[in-house]
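Owing to the predicted nature of the structure, the values given are computational and were not obtained by experimental measurement. Chain identifiers are assigned alphabetically (A, B, ...) following the order of the sequence lines, protein sequences preceding nucleic acid strands; residue numbering begins at 1 within each chain.
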Amino acid sequence: MHIAEGFLPLKWVIIWWAIYLPFLFAGMKKIHKLVADAPEVKMMLGLSGAFVFVLSALKLPSVTGSSSHPTGTGLGTALFGPIVMSVLGFIVLLFQALLLAHGGLTTLGANGFSMAVAGPFVAYWIIQLGKRLGLSFRVSLFTGALLGDLATYSVTSFQLALAFPAATGGVAASFLKFSSIFLVTQLPLAISEAILTVIVMNLLFKY
Amino acid sequence: MTTPIITTNNLIYRYGDGTEALKGISLTLNQGKKIAILGNNGAGKSTFFLHLNGILKPLSGSITFKGERIQYTKKYLQALRQKVGIIFQNPDELLFSPTVFEDISYGPRNLGLTKDAIERLVHWAMKETGTLELQKKATHSLSIGQKKRVSIACVLSMDPELLILDEPTAGLDSYYAKKIINLLNQINRDGKTIVLSTHDINFAFEWADEIIILHDGKVLGNGGREEIFLQKDLFQKANLERPMILDLYQFLIDNDYFPTQKQIPRTKEDLLKLLSISTSRILKNGQ
Amino acid sequence: MTTPIITTNNLIYRYGDGTEALKGISLTLNQGKKIAILGNNGAGKSTFFLHLNGILKPLSGSITFKGERIQYTKKYLQALRQKVGIIFQNPDELLFSPTVFEDISYGPRNLGLTKDAIERLVHWAMKETGTLELQKKATHSLSIGQKKRVSIACVLSMDPELLILDEPTAGLDSYYAKKIINLLNQINRDGKTIVLSTHDINFAFEWADEIIILHDGKVLGNGGREEIFLQKDLFQKANLERPMILDLYQFLIDNDYFPTQKQIPRTKEDLLKLLSISTSRILKNGQ
Amino acid sequence: MLLIDQYAYHNRFSDIHAFDKVTFSLFMLLFSLFARDMKVSFTVFLISSIMILLARIPIKYYIKLLVLPITFILLGLIPLMVNFSLNAIPGSEIIFDISMGKLFIYVDMSSVRAAFQLFMVSIGSISCLYLLILTTPLVEILYLLKKWRISPLFIEMIAITYRFLFTLIETAAEIYHSQSSRLGYTSFRTGLTSLGYLTTALFLKSFQKAAKLHQAVESRGGYGEFIGSEREYSLSLLNLGVFMIVLLLLVLLFTF
C-alpha cells in the first residue's frame, strides 16, 4: 500500500526524503564497491531491479479470495540483503510511480523508507535473530517476511499519523486508526507473501 | 468422416494497447487431423492459440468445443484446459520446475487425481516422449532438443484430446526436428488431434492433413493440404514461400515429365520416385 | 587468393560442469568470404564463436588473428573485439540500452573516438541496416525482426572486419529472413568477412562460399562449398540433412537429364533453368 | 504492455524537451502541496487535465488512471473523518455519532472539510504526476538526471532495470499462461505454489540473462557509458510563456 501522490504535506515530504536519503547513499556506496570489484554486478543488479519490479506486479492470491501485489521485501532481503534492497527498492518504487501510476514522486521518500528500509531491515534482523536462536531457516524466513511486511504497514500508518494527528488523542489515536485499517486489509496478504517467500527459497535450494 | 473438435466463430481480439490481433477468425478444426497453421510473425497465430483453451477471452465471437460453447467460468475452463493442451514455443522459458519429473507431473497434480493415477499418467507421457531416463535431471541442464520433448510430455501427461504446439521445431536441427515430428505422428496415431504453427513450409507440406493460413489477424485460406498448397496467390498474399517439392513437381508436370498424379508427392523421396518412373518411360520411348 | 583472417589451432575448451565443448578445433577462416558453420545443437558452434573474440579462453590451443596470436590482456582484447564483432542469437541478450540509438552508439562510444566520428559510424550502420527511422524508439518496443536488424547495427557500428552471427535467421519467417540475408550480402560486398551458424541447410547451400561442419566439438569438414556438399558421408556422420536442390540435381545427373555442370545450381530457380534447357534438348531429340 | 510507457513515446508533447515538462509539472505539484488550497489544487487539476488531453491521451484512459489511487485515498480518508473520544463529544457541527459505552465515535464537519481538502490536493498533485509520466519518455528523464549530475552508476542501474522490465514481464506472462494451461491457479494452494515456481524460475532466468548480457557488454568494448547522448536544450518561448502564465495564475489564486 503506497502513499499516493500529494497525500503528504510538504513538511513531511521533506522530512521523509531527508530520512531516506542516507540509506540510499549507503546502499549506493556498497554497490559502488561491488561494481568496482566485479563490473558484471552492474548488469546483475539492473536485472535484479527488474525482477523485484515484476515480482511486485504479480497477483498474489490471498486466503480471503481477494488478490493484491506482494511487496517483495522478504524475498528481496533474503536474496540481496537489506542495504542493497534500499537501492533496488527505490528503483522499483520509482518505476511504479512512473510506469504504473502507483505511489508518487513527492511521497517516494516516505514510501521508500517504509518499503525499502524499514521492511527489509526488520526482515533481516528477524532472520538473523532466528539463526541465533537456532530456529529452522523456514521458520525464521517466514517470520522475517511476515514481520517485514507488517513493519512496512506500521511505518506507513505512523507516517500518516504524524502528518494527520487526530483532533482528540493526537498522533497515537491516529496511528491506531490507520494501523487497524491497514492491518485488516493487509494481514492476509502478508501471510500469503511470507508463505510464497518460503516456497521460493525452498525451490532455490533445490537447484 | 470429419467431426469438428473446435469451431471458432468470428473471433475478434484486441490487446490492451489497442492492436487488433484477431480480426474475425472463423475456423473449424477437425478431430483426429494433423493441422498446420502458417503465417508470418505477427499474423496472430499465438493469440489464436491462447483463445482455444480460454486463456484469452475474445472481444466478440465464440468458440465451440465438441459442439458445446466455451463458458468462461472457472469450472468449465478447468475441464477445457485438461482436454486442450498448449505447448508454447520457448521451452527455455517455460520449464519452471527444478527437475524434469516435477515439471511433467505438475499438470496431473493440479487435476487432483490419486497418487497412482498421477504416476500412471506421468509414466505414460514420459515413455511416449522418450524422457523416462531424464526424469531425475535438472531441467536447466537439458539440451534444447530434450527440453522440447519434456515440454511435450508436460502437456501430454494431462491426456488432452487436442494438442496445440507453437513452432515445435523452431531452433532445432533437422535431427531433433525429425524426432519431434515422429513423436507428433505417434501421438496423432493414438487418436489425438494436433494443431501446430510453423515457419517451415516444407515441413508443413510434408506433414499436415489440413492447412490454415493466417495473415494480419484474418484467415486467408483453410482446407485440405493439396487444395491450399495449389493456390499460388494465397502464398503470395501471405508473404510465404511455397514448398520446394511442389514447385519442382509443378514444373515437371508443366514440362510433361509425367502426367498429373492423384497424390501430389510430399517428400523429396516421393518426387524422386516419380522421376525414376518417368525416366524409364522416356528411355523406353527413346529406344 | 585467400588470406586467413583467423586461424585456430587445436582449441580445447571445457565448461565448469565438466562437459568438453571443444575437442581440438583447428580451422582457418578466410578474409572476405561468406562462411557457414553447420552442426547439430550442442556441436560447439556458440562456444567456438565466443573464443573468436576472446570472451572464452581455451583450455589449450591458440588463436591467431591476421597472423598475430591473440593475447588475453585487457588492451589486446579491446582492440580485438572492435575488429571481431559477434551477434548473438537472442537479441534480448545483446541489446541492453533503453533506446535504439543508445544501443547502436554504445560500441563506438567505447572506442574513444571523436563525437563526429562516432556519429558518422552510427549513422552509417543505421543506414546500412535500415534502422534509421527506429533510432528514437525504445528497444523493448521493437518487433523481433527489427530487433535482429538493430543487433546487427550495434556490432556493425564498431566497423569490425569480421562479423560473426549465431543463427541470424532463427525464429524469423521467410520474409524477414530474406531481408537479413540481403543485408548480410551487402555487408560482405563492403569487404567484411562473415561467419554464421545456421540449422537451415538449404540457406547455407545457397548463401555460403565456405562450409565448416562441426560435430561433437570436432571439425568434421572444412572447405569450399561444393567440395563439402558433395561429400554425402560427412552429412550422415554429422546427422545433417543434405540440401534438397543438390539431391535433386544429383539424381537428375545420374539419370542423364543433363550433363554435370561446372557450377552446381544453388537455388530452385537455377535448377529449373537447367531443367528447361534439358527439356528442350529431350524434346528436340524426340522429334 | 505498459500503456503509460507507450503513451509517453507517442503523444503530441513527446518531442518537447524533458526539462520543460519536468520543471513545469513538478512546479505545479510542489506549489499545490505548498499552498494546500482548494482553489489552487482545482486549478492545477484543470490545467494538467487539459494538457493531458491536448497531448492526445484518450480521455477514457486518463479517467481510468484517475480512479486507480482511489482505494488508497479512501482508506486514507476514512480514518481522518472518523474520530474517537472517551469524554463527551468536543467541538461542534457533529454530522454523525454513536456511543459504545464510554467510547464516542463521531464524524464532524471540520474533519470532513479537512478530508475533502486533502482529497482535492491529492487529486491535483496526481494529475501533475500523470501529466509528467504520460508525456515524457523515461529515457528523456534519464538524460536529464545525467545532466543534473546524478551518480552515473545509479542512472545505469535504472536504465538496465527499465530495459529488462519488459523482457521479464513477457517471460512471466509466458510462464503464467503455460501454468494456467496446465491448471495452475485453480485454488489458493495451487495458486501459491504455482506463483512460487514462477518466481523462482523468473529469478534464475534474470541471473542467466545477466550473465549473457555481461558477455554482450564485453563483446562490445566493455563497460562504458550506458547513456551516452543527451538532448540539446533550446529555450522555447511558448513553453516559457505558458509557464509564466500558470505561475502568475496560481500565485494570484493563492494570495487572494
Checking [X] against chain D: side chain, backbone, both or neither under 4.5 Å from a heavy atom?
X: A:H102; answer: neither
X: A:L99; answer: both
X: A:V198; answer: neither

At a 4.5 Å cut-off on heavy atoms, which part of [X] comes close to chain A: side chain, backbone, both, or neither?
X: D:L129; value: side chain
X: D:L29; value: side chain
X: D:Y130; value: side chain
X: D:S111; value: neither
X: D:L68; value: side chain
X: D:Y162; value: both
X: D:F119; value: neither
X: D:Y223; value: side chain

Mind listing the closest non-hydrogen atom pair of [X] and [Y] along with its distance?
X: D:L195; Y: A:P61; answer: CD2-CD, 4.0 Å
X: A:M43; Y: D:H214; answer: CG-N, 4.3 Å
X: A:M28; Y: D:S151; answer: CE-OG, 3.8 Å

Report the option among [options] that has the most heavy-atom pairs separated by less than 4.5 Å from atoms of chain A.
options: D:G76, D:G124, D:A172; value: D:G76
options: D:L138, D:V217, D:L65; value: D:L138
options: D:L80, D:L77, D:L30; value: D:L80

Around atom CZ of D:F116, are there more than 12 heavy atoms of other residues, nucleotides or ligands at under 6.0 Å?
no

Can you confirm whether D:Y197 is buried at OH, in the sense that more than 12 heavy atoms of other residues, nucleotides or ligands lie under 6.0 Å from that atom?
yes

Pairwise distance CD1(D:I123) to CD(A:E5) - rounded to 0.5 angstrom:
11.5 Å

NZ of A:K11 to CG of D:L33: how many Å apart, nearest 0.5 Å?
14.0 Å

Check the pair D:T136 / A:L98 against side chain to side chain contact (heavy atoms under 4.5 Å, CB included), numbers first and verdict last.
CA-CA 10 Å; D:T136 320; A:L98 296 179; over 6 Å; no

Taking [options] one by one, which has the highest count of heavy-atom pairs under 4.5 Å against chain D?
options: A:P9, A:G169, A:A173, A:A166; result: A:P9
options: A:L75, A:L88, A:L203, A:V92; result: A:L203
options: A:F182, A:F178, A:F164, A:F95; result: A:F95
options: A:I199, A:V87, A:V200; result: A:V200
options: A:N202, A:L94, A:L100; result: A:L100

What's the verdict on ring-ring contact (aromatic ring centres under 6.0 Å, His included) for A:F7 and D:F72, showing C-alpha distance, side-chain angles and the deciding distance?
CA-CA 10 Å; A:F7 212 78; D:F72 171 82; 5.1 Å; yes

Side chain of A:K42, backbone of D:L153: donor and acceptor closer than 3.5 Å?
no

Could you tell me whether a side-chain N or O of D:S206 sits under 3.5 Å from a main-chain N or O of A:S48, the two making a donor and an acceptor?
no

Could you go step by step and tell me if D:F154 and A:F90 meet the ring-ring contact (aromatic ring centres under 6.0 Å, His included) rule?
CA-CA 11 Å; D:F154 190 55; A:F90 179 88; 5.6 Å; yes

Let me know which of A:I181, A:L160, A:L176 forms a side-chain contact (heavy atoms from CB on, under 4.5 Å) with D:P79.
A:I181

